[in-house]
Structure formats: C-alpha cells, structure tokens
Amino acid sequence: MRTLLLICCVLTSSAVAAQTQYVAADQSMETALCISAATASKIDFKHELKYNRVGAAVAANKLLCNDLPVASFAFQAGNTAVYQHLKKYVRGHVDIQDIAAKPLQGSVMVQGR
C-alpha cells in the first residue's frame, strides 16, 4: 500500500513539475492580464478583464504579451478557451499559428504592454 502511495506521489509531482510557470516581469495590470490569459479559465479571465475595467475587444486588439497579441499568447500557452473567446474580437489581423510547436516548459517571463 505504501509503495502504491509513493508511486502516485512521484507521478503527480513530475506532472506538476512539467507544467509551465509564468513569472511576471513587472507589477502592471497588462502583465497580470497576460498571465491570466495564459493560465486562467475563460470565466476567470473574463472576471479579470471586468475587474480591471478592460473590454474583451480592447484587450484582443491592443494588449500585447511578450510582443504577441493576447489571443496568440493564450493559444501558444495552450489555453484554447481564452483564445476562442478573444479571437472573435480581433479585427483586421491575420494570425499564423504553428500547430506543430511544442508547448513551453519551465518558467516563462511575461511582460504585457
């Protein structure tokens, strides 16, 4: 029984260690929104936008995360729910996405503007 518990703990800790950690480069609202776009659920991201009094259309068209539009940044981070929510607000922008790209691992420094 202890062996089974130990194996479960090791497998769980290795899965958690493989997840990407997003580290804020500064304490700005834009950076917090970028981290939220990468990690939060769609509902939590919408609450974050509302809390900061930023509309989804403004965020989709003006917010850059690590020099990428926020929708592309969310897609690159693997958060397809936020990406799907934001992409309907993007105007006049063609976004080419590498669907074969490997997901980011380790820690990523995030800066929004």
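The figures that follow rest on heavy atoms only: side chains count, while hydrogens, waters and symmetry mates do not.
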Closest contact, heavy atoms only, [X] versus [Y]:
X     : Y     : value
Gln84 : Lys87 : OE1-CE, 3.2 Å
Lys42 : Val82 : CA-CG2, 4.1 Å
Ala37 : Ala74 : O-CB, 3.5 Å
Leu86 : Ala56 : CD2-O, 4.0 Å
Ile35 : Val23 : CD1-C, 4.1 Å
Ala57 : Tyr89 : CA-CB, 3.7 Å

Shared hydrophobic cluster, Leu49 / Met29 (ILVMFWY, side-chain heavy atoms < 4.5 Å): yes
Do any N or O atoms from the side chain of Asn52 and from the backbone of Val54 form a donor-acceptor pair under 3.5 angstrom? no
Inter-residue atom distance [X].[atom1] - [Y].[atom2], 0.5 Å rounding:
X     : Y     : atom1 : atom2 : answer
His85 : Ser41 : NE2   : OG    : 11.0 Å
Leu33 : Ser28 : CG    : OG    : 8.5 Å
Phe45 : Asn79 : CZ    : CG    : 9.0 Å

Should Asn61 and Val90 be marked as a side-chain contact (heavy atoms from CB on, under 4.5 Å) after you check the CA-CA gap, both sets of side-chain angles, and the distance that decides it? CA-CA 6 Å; Asn61 292 299; Val90 176; 4.3 Å; yes
Is there side-chain contact between Thr31 and Gln27, with at least one heavy-atom pair below 4.5 Å?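 No, every pair of side-chain atoms sits at 4.5 Å or beyond.
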Apply side-chain contact (heavy atoms from CB on, under 4.5 Å) to Ser36 and Asp44, showing your working. CA-CA 8 Å; Ser36 180; Asp44 290 340; 5.6 Å; no
